[in-house]
Amino acid sequence: MRTILFLTATVLFSLTSLQADAAATSVPSVPAKTSTLKADLAELLDGVREIAAPGAPGTLCVFGDAAFPVVAGSTGRESSGAVVGAARFGNGRVVAFSHDGYLGVNALGEADTGALMANAVRWAAAGRAPAAGTKLHVGLYRKNGLVEFFDKRGFKAADADLHRLNSVHVLVSSAHSFSDNDVETVTKFVAGGGGLITGSCGWGWAQLNPGKDLKTDYPGNRLLMPMGMVWGDGTTARTSSRGFTVGDRPPTTLHAGLALHYTLEHMAGRFRLNAHDVEQASATITAAARALPPNDTTFLPKLARLASNDKAVTVPTPKTPILKSDLGPRLAATFQAMAAKILPPEQVKAHPAAKVFPGEAPPNTPRVACSLTLDTTVPAWHSTGLYAPAGGVVTVEIPESAAGKKLWLRIGSHSDNLWNLDKWERFPEISMRVHLAKPSTKVASTFGGLIYVEVPDKCDLGGVTVKINGAVAAPYFVLGKTKPMDWKDRLRKEPAPWAELQCSKVIVTVPSSFVRTLDDPEALMKVWERIVELEDELAGTTTERRRPERVVCDQQISAGYMHSGYPIMAWMDQPKNFTSKEALLKGNWGIFHELGHNHQSGHWTFDGTGEVTCNVFTMFVFDKLCGVSPAKGRVNLDEVAKNYAKHMANSKSFDFWKKEPFLALSMYVQLQDAFGWDAYKKVFAEYRAAPKGELPKNDDEKRDQWMVRFSKVVGKNLGPFFQAWGVPVSQSALAEIAALPAWMPAGFPPRR
């Protein structure tokens with residue numbers, strides 16, 4: 001296993017010098033006295049066995065001495081994260097939820113969530129216990145919809161004024177409601193004995209506040225951090241059908257301080273963690289390092305010392321990955337990623353793993369300067385044809401009028417982070433973004449990467465001139481702009497390790513080695529243009545496209561064989577296919593499928609069809625580009641018959657149907673074979689033109705509308721067809737199309 005010394009004194013000093021006496025602080029053996037912790041948990045969880053999961057709950061990092069996790073959710077195959085946490089702070093107490101939906105009547109009415117909330121209020125009020133014979137006063141800050149909920153449980157609830165909290169025992173508020181000025185007021189309230197019940201979704205706040213840092217800019221985290229907790233930017237998966245199963249006590253290593261303490265003991269041979277606890281400790285510490293702001297003086301300096309004690313840093317590769325059980329290398333990598341973000345650009349060094357992936361330009365490659373004009377009516381990433389060398393300082397200049405206007409510099413197209421994966425085949429985070437807040441910005445990446453300027457939606461800056469200095473030239477072809485001779489003679493030979501091929505509808509990012517001998521990128525990109533053009537045509541979005549799609553190849557991606565999004569990500573077995581016109585014309589189910597995901601609409605994609613309706617687009621491209629009709633394709637009519645027989649053997653179970661994407665796709669193949677592609681185009685167009693109030697609001701309505709709209713477009717009653725496949729539809733929907741002639745494919749359903 002290849003190891004290289006990387007932790008320099010400079011990086012270590014950057015963290016340990018945040019506070020002079022931080023190095024002398026010992027890791028607490030427990031976040032609170034064991035007897036107190038047991039009593040607190042017993043009080044909070046009395047009568048609570050399951051709580052709801054409103055929306056997509058975020059993550060909550062619990063790290064303080066007097067803080068503790070209360071309810072856990074899943075963050076990986078063998079790891080958990082806190083959904084609910086609590087802490088004592090001064091004379092008061094706080095309970096924090098990982099989604100502000102927990103402070104709403106809908107979530108409080110599900111499972112035992114309401115019981116947990118009532119327990120939390122009583123527990124949090126201990127510092128300001130009401131006088132005998134009086135009700136506990138709950139102050140609701142911008143949560144007046146909860147008055148009835150609390151009144152029914154014997155509390156006195158009323159709207160709260162943050163500057164008049166003398167009579168309030170417990171304050172209930174979403175952390176999103178707090179301003180910068182509110183933080184000090186609420187902190188004093190809790191320290192003086194008040195109780196606080198709050199909730200937030202970190203990833204949600206980050207989405208609503210582009211250009212801001214959740215760790216340092218979010219008032220909710222500045223409030224909660226002194227109390228020993230912060231919200232992170234991840235999500236937590238359910239552990240039960242309705243939300244989260246509640247045990248007597250979450251894993252000890254779910255507390256970041258304890259996880260770090262026991263990890264140190266384990267690595268020193270003084271304590272033995274079992275395999276599960278090793279993975280949980282690794283996940284907890286990693287999450288804490290990513291969630292805590294760089295000025296933390298309680299946890300990060302200890303992590304820095306742990307990482308510095310493990311000086312041999314493993315460079316992950318597909319053959320020698322870093323596993324969750326590899327505590328030393330994993331936590332050292334966590335420290336390195338976090339430390340690189342706070343170093344001044346001049347102090348950033350190339351990480352040893354950068355040589356392996358994403359790679360490096362040849363030694364002594366000349367640095368270049370470039371000036372380009374951005375069309376800011378086009379949102380998202382703008383390619384520059386430049387590459388930032390690992391550890392090299394790049395200077396970016398923009399007009400003063402554009403500074404601070406939500407333009408960002410991105411280094412690296414490999415935007416997938418791998419922190420939650422069980423193994424890392426490359427370093428888990430290798431791209432970075434820097435806000436262009438000033439006319440001149442210096443930036444350096446420890447891994448390097450292709451350089452982009454990110455433009456926000458609805459940008460009104462017009463044309464913006466950007467000057468970049470200190471970069472390396474990369475192979476970069478733009479259909480309709482790059483001259484073939486320039487490509488052959490010079491551009492494909494540019495030294496950067498990654499290249500881009502661009503047309504108006506898609507940009508493909510591959511290692512440069514795959515384009516060095518590419519003689520005709522024009523013919524290749526015309527095929528790519530046609531692929532996306534076809535999917536736009538089927539979806540009816542041809543005139544609505546505002547930016548190209550992106551496809552990026554990576555050593556390891558965050559999920560699946562490929563995954564959709566911006567960019568679409570694929571593994572390293574695909575560059576040879578993505579740079580071959582002939583390979584694309586034969587068909588590539590994977591990339592057509594992911595582009596299909598990017599064209600999907602939730603209005604006509606009901607439960608069980610997330611991996612199905614995207615393949616309507618896959619089949620359309622195969623038909624129109626590759627000459628393979630759906631009836632003769634991957635799910636041909638013979639396969640449809642076999643799939644239906646398998647479905648019959650499972651009693652036409654809709655649950656079974658939803659779990660088998662190619663079984664479900666059989667229905668869509670039959671519809672296409674009978675009614676052609678125009679029917680799909682017309683149905684999709686109907687959805688796009690429908691007023692918002694007419695669109696389906698739940699899964700039942702999605703199934704009903706899909707059947708009804710398709711039936712009306714083709715002039716046939718598809719009710720019997722849907723029923724033959726066991727897809728649930730309502731009687732009212734069946735009645736709506738009953739006057740149309742009933743339809744069923746010839747010979748279907750087959751007789752037993």
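Excluded from the calculations below are hydrogen atoms, water molecules and symmetry mates; all remaining heavy atoms, backbone and side chain alike, are included. Sequence positions, counted from 1, serve as the residue numbers for this chain.
Inter-residue side-chain proximity for Leu518 and Leu524 is flagged as met; some heavy-atom pair is nearer than 4.5 Å. Cys370 is listed as a side-chain neighbour of Leu372, based on a closest heavy-atom distance under 4.5 Å. In this structure, the side chains of Leu409 and Ile451 come closer than 4.5 Å at one or more pairs of heavy atoms. Counting only heavy atoms from C-beta outward, the side chains of His266 and Leu327 approach each other to under 4.5 Å.
In this structure, Trp498 contributes its side chain and Pro358 its backbone to a donor-acceptor pair below 3.5 Å. For Thr441 (side chain) and Ala437 (main-chain N/O), no donor-acceptor pair under 3.5 Å exists by modelled atom type. Judged by distance alone, with hydrogens and angles left aside, the side-chain atoms of Thr320 form no donor-acceptor pair with the main-chain N or O of Pro316 at under 3.5 Å. In terms of modelled atom types and a separation under 3.5 Å, the side chain of Thr376 and the main chain of Gly462 share a donor-acceptor contact. At distances below 3.5 Å, not a single donor-acceptor pair connects side-chain atoms of Trp419 with backbone N or O atoms of Arg290. A donor-acceptor pair under 3.5 Å links the side-chain atoms of Thr365 to the main chain of Pro362, judged by distance alone. No donor-acceptor pair closer than 3.5 Å links the side chain of Thr59 to the backbone N or O of Thr235. For Asp296 (side chain) and Phe299 (main-chain N/O), a donor-acceptor pair under 3.5 Å exists by modelled atom type. Side chain of Asp326 to main chain of Leu323: a donor-acceptor pair is present (N/O by atom type, distance under 3.5 Å, no hydrogens or angles). With hydrogens and angles disregarded, a donor-acceptor distance shorter than 3.5 Å links the side chain of Gln600 to the backbone of Gly610.
The side-chain contact (heavy atoms from CB on, under 4.5 Å) search around Val478 returns Tyr476, Lys481, Thr482, Gln502, not counting sequence neighbours. Annotation: salt bridge (Lys or Arg N to Asp or Glu O under 4.0 Å) contacts of Glu425 (sequence neighbours excluded): Lys423. Under the salt bridge (Lys or Arg N to Asp or Glu O under 4.0 Å) criterion, Glu594 pairs with no residue at all, not counting sequence neighbours.
Taking each heavy atom of Ser558 and Asn417 in turn, the nearest pair found is CB-O, 3.8 Å.
At a cut-off of 3.5 Å, with distance as the only test, a side-chain donor of Glu529 or Ser504 sits close to an acceptor on the other residue. The closest side-chain donor-acceptor pair between His593 and Glu611 falls under 3.5 angstrom. Judged purely by distance below 3.5 Å, without hydrogens or angles, the side chains of Lys493 and Ser512 never pair a donor atom with an acceptor atom. Judged by distance alone, the side chains of Asn598 and Glu535 never bring a donor and an acceptor atom under 3.5 Å apart. When only modelled atom types and interatomic distance are considered, Thr509 and Glu500 share a side-chain donor-acceptor pair under 3.5 Å. Side-chain contact of His276 with Glu279: a donor-acceptor pair under 3.5 Å is absent, judged by distance alone.
Ring centroids of Phe622 and Phe592 are separated by less than 6.0 Å, placing the two rings close together. Between Trp424 and Phe357, a ring centre-to-centre spacing not shorter than 6.0 Å is recorded.
One finds the CH2 atom of Trp528 at 13.5 Å from the CG atom of Leu479 (value rounded to the nearest 0.5 Å).
Taking the six-membered ring where tryptophan is involved, the planes of Trp381 and Tyr452 are tilted, since the angle between them lies from 30° to 60°. Aromatic ring orientation, Phe477 versus Trp487: perpendicular (interplanar angle above 60°, classes split at 30° and 60°).
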For Arg550 and Ser383: C-alpha separation, side-chain torsions, deciding distance, then whether side chain to side chain donor-acceptor pair (under 3.5 Å) applies. CA-CA 11 Å; Arg550 279 191 180 271; Ser383 298; 2.8 Å; yes
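Heavy atoms of other residues, nucleotides or ligands lying less than 6.0 angstrom from CD of Glu400 number 12 at most. By the neighbour-count criterion of 12 heavy atoms within 6.0 Å, atom NZ of Lys576 is densely surrounded, having more than that number from other residues, nucleotides or ligands.
Screening residues 409-421 for salt bridge (Lys or Arg N to Asp or Glu O under 4.0 Å), with sequence neighbours left out, gives Arg410-Glu454. For residues 503-522, the pairs satisfying salt bridge (Lys or Arg N to Asp or Glu O under 4.0 Å) are Arg492-Asp519, Lys505-Asp536, Glu522-Lys526, with sequence neighbours left out. Applying the salt bridge (Lys or Arg N to Asp or Glu O under 4.0 Å) test to pairs two or more places apart or on separate chains, none has a residue in residues 581-590.
A salt bridge links Arg426 with Asp554: the distance from a Lys NZ or Arg NE/NH1/NH2 to an Asp or Glu carboxylate oxygen falls below 4.0 Å.
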